[in-house]
Amino acid sequence: MRRLWTRSGVSVYVALAAFVVVASCNSSDAGKAERGRAVSAAAKAPPTQMPDEDTPAPEKTGGFDGKRAFADVAKQVDFGPHPAGSQAIAQVQDYILSELSSAGCATDVDAFTAQTPAGEVAMKNILAKIPGERPGIILLATHYDTKRLENFVGADDGGSSTAVMLEVARNLCGQHGRYQVWIAFLDGEEAVNPEWKDPDNRYGSRQMAAKLNMSGDLKNVRAFILADIVGSRELRIKRDANSDKALTDIVWSTANRLGYFGVFVNMPTAIEDDHQSFSARGVKTVDIIDLEIPYWHTPQDTLDKISSKSLAVVGHVILDSVKQLQLQNK
Ligand SMILES: [Zn+2]
């Protein structure tokens with residue numbers, strides 16, 4: 001995915017500047033106090049490869065288990081870098097399918113071949129389907145492929161949102177609402193080339209949108225909720241200008257009501273991501289994403305960056321937003 005407005009890239013430079021200040025303080029006598037503070041802060045920091053101690057219990061987050069979602073991120077990271085077409089991604093696909101099957105979800109797998117700048121790449125979209133009383137569909141989505149970069153495991157970019165959707169599936173499969181809920185695990189979101197340039201990106205979502213259009217299901221999709229990069233410790237999700245305003249309002253007012261106004265903030269951004277494969281075909285979409293992470297598309301996107309609390313917040317908001325959408329009559 002890509003952010004269109006670069007103005008807020010300032011935050012990255014602020015973080016870098018802060019790092020330089022701390023580093024230079026540490027190299028001088030005058031920095032002793034600073035150093036002492038840094039050491040005590042480090043001592044208080046949570047263990048970096050474990051879920052947060054103070055992760056809310058599932059009863060507090062609508063049944064969503066943040067610690068279990070954290071374990072799902074850890075599992076994906078353990079498979080190593082898993083770009084589309086790799087051997088490792090086959091293991092991630094098996095993992096997703098086996099977790100969905102344990103949760104009692106019915107699934108469809110669409111194996112397809114994408115034409116990319118690196119030639120033909122085999123890809124797989126996985127779709128969990130929860131039945132409803134009416135033909136309308138609430139479609140949730142994540143991508144699970146990682147960017148083709150050396151030593152890039154994508155704990156946050158790919159891992160976090162996939163973990164959230166697995167835990168959402170555990171909560172929803174077996175339920176039966178007014179509308180169907182489908183949960184898409186998309187392959188091939190990342191560009192094969194280093195830079196993001198259409199059509200070298202969003203292979204999986206384009207494929208799924210086209211396929212659902214052919215089958216006639218697309219017209220029944222009432223809402224498309226995408227999550228992507230939702231696991232950071234200082235999660236701050238801005239309203240995406242490329243998302244549907246009314247659907248964004250539903251998600252943000254849900255987050256407000258649940259007390260998460262510090263995470264779902266009322267600031268604008270503009271994101272290119274998988275939701276656009278659906279909005280281009282007239283579907284109402286929303287992207288839940290924090291793209292302003294200093295470790296984006298670097299080998300530092302690792303498990304220690306992930307907060308089980310952040311996963312729980314996003315999972316809670318998605319589960320409750322689905323509840324709101326289930327209450328709609330038309
Ligand atoms: Zn990415």
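Remember, it's 1-based here, ligands and their atoms both numbered in the order they're listed.
Nearest N, O or S atom of E190 to the Zn ion (ligand 1): atom OE2. Of all N/O/S atoms in D157, OD2 sits nearest the Zn ion (ligand 1).
Here D244 pairs with nothing under the salt bridge (charged side-chain N to carboxylate O under 4.0 Å, His left out) rule; sequence neighbours left out.
The Zn ion (ligand 1) has no N, O or S atom of D228 under 2.8 Å away, backbone or side chain.
Of the possible polar contacts, none joining the R170 side chain to the E99 backbone as a donor-acceptor pair under 3.5 Å is found.
Below 30°, between 30° and 60°, or above 60°: for F224 and F278 the angle between ring planes is below 30°, a parallel geometry.
No hydrogens or angles considered: a donor-acceptor pair under 3.5 Å links the side chains of S160 and D156.
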